[in-house]
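Report on one structure; see the data block that follows.
Every heavy atom of this structure was used, including side-chain atoms; hydrogens, water molecules and symmetry mates were not.
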Amino acid sequence: MAKYRYVSRAPKQPKKSKVVIFLNIVIGALLVILFMVCIAMISTGSSSYYTRMYGDGYEHYDIEKNRYAELVDDYHRYGGILGRVNKGSEEAAAVAEYADAAFRHSAYEYAGESEKAARQKQRMDAAITSMGLYTPEAAKIDNLLK
């Protein structure tokens, strides 16, 4: 009985040279390193001033981007009273308190309600004493409301 041997009819793949294999390994290693560097840059955040100085909480991001309405909204949703906020967020809460009081102050002044505007001015003065390093934000808020 004759033994049959399987013969493939597919075209044979040419062998890769050692140089091509080495270059594939080097390119792969460089891509892995590039990917890790990109992940490290994203995880550390941008090198913005507020991120480096105050951390990367949502309230600090809102202050950095001058998104005071979102800051006030989050402040009332999650804290609400200047003195009952998370540790480390007291100054950001004071900015939210100041922004809320400043908006109400300008609205009451525009409406001609001087008594209510005076109460909001007192809130603004109390908040500005607690703002700490964020004190320059008060001038930004005032400029936005003018």
Side-chain angles (χ1 to χ4, degrees), residues 6 8-146:
Y6 176 75
S8 173
R9 294 177 189 233
K12 293 190 177 189
Q13 296 286 338
K15 278 190 156 184
K16 290 185 178 179
S17 71
K18 292 181 181 180
V19 173
V20 172
I21 293 172
F22 176 74
L23 287 176
N24 285 340
I25 292 171
V26 169
I27 290 171
L30 289 174
L31 286 174
V32 167
I33 291 170
L34 180 66
F35 181 72
M36 291 171 62
V37 167
C38 289
I39 294 296
M41 288 175 66
I42 290 171
S43 67
T44 59
S46 63
S47 61
S48 67
Y49 175 75
Y50 284 111
T51 302
R52 287 194 316 263
M53 293 299 291
Y54 308 113
D56 54 355
Y58 68 90
E59 65 273 355
H60 306 293
Y61 178 78
D62 287 341
I63 293 171
E64 177 184 357
K65 298 297 181 185
N66 297 333
R67 295 173 23 180
Y68 301 112
E70 289 89 349
L71 181 70
V72 171
D73 185 42
D74 290 339
Y75 170 67
H76 286 299
R77 185 179 308 137
Y78 299 117
I81 299 174
L82 190 67
R84 284 190 0 186
V85 295
N86 293 337
K87 192 169 192 162
S89 298
E90 295 93 356
E91 293 174 347
V95 173
E97 183 78 22
Y98 184 86
D100 184 38
F103 171 74
R104 292 173 190 270
H105 177 261
S106 65
Y108 288 141
E109 274 190 342
Y110 182 76
E113 299 182 27
S114 59
E115 189 175 304
K116 290 181 180 180
R119 279 188 295 207
Q120 296 306 318
K121 183 67 175 163
Q122 290 173 352
R123 275 183 65 204
M124 289 169 60
D125 293 339
I128 203 166
T129 60
S130 303
M131 287 170 77
L133 293 173
Y134 287 131
T135 303
E137 297 298 321
K140 290 180 187 178
I141 293 169
D142 293 338
N143 286 335
L144 286 173
L145 291 173
K146 287 183 181 179

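- Closest approach of Ala117 to Glu109, counting heavy atoms only: CB-CG, 3.9 Å.
- Ion pairing between a basic and an acidic side chain is recognised when a charged N comes within 4.0 Å of a carboxylate O; Asp100 and Arg104 show such pairing.
- Looking at heavy atoms from C-beta onward, Leu145 lies out of side-chain contact with His105 at the 4.5 angstrom threshold.
- In summary, the side chains of Arg119 and Gln122 do not present any donor paired with an acceptor at a separation below 3.5 Å, with no hydrogens or angles considered.
- Note that CG of Leu144 and OG of Ser106 are 11.0 Å apart. Values are rounded to the nearest 0.5 Å.
- The minimum heavy-atom distance between Asn24 and Lys16, with the atom names listed, is ND2-NZ, 4.1 Å.
- Across all non-hydrogen atoms, the minimal contact from Ala96 to Val72 is O-CG2, 3.4 Å.
- Side-chain contact between Ile128 and Met131 is present, with heavy atoms from C-beta onward closer than 4.5 Å.
- More than 12 non-hydrogen atoms from other residues, nucleotides or ligands lie less than 6.0 angstrom from OH of Tyr108.
- Asp142 is listed as a side-chain neighbour of Tyr98, based on a closest heavy-atom distance under 4.5 Å.
- Pairing each heavy atom of Met124 with each of Ala101, the nearest pair is CG-CB, 3.5 Å.
- Side-chain contact between Leu31 and Phe35: absent, with no pair of heavy atoms (C-beta onward) separated by less than 4.5 Å.
- Taking CD1 from Ile39 and CG from Leu34, the interatomic distance works out to 10.5 Å, rounded to the nearest 0.5 Å.
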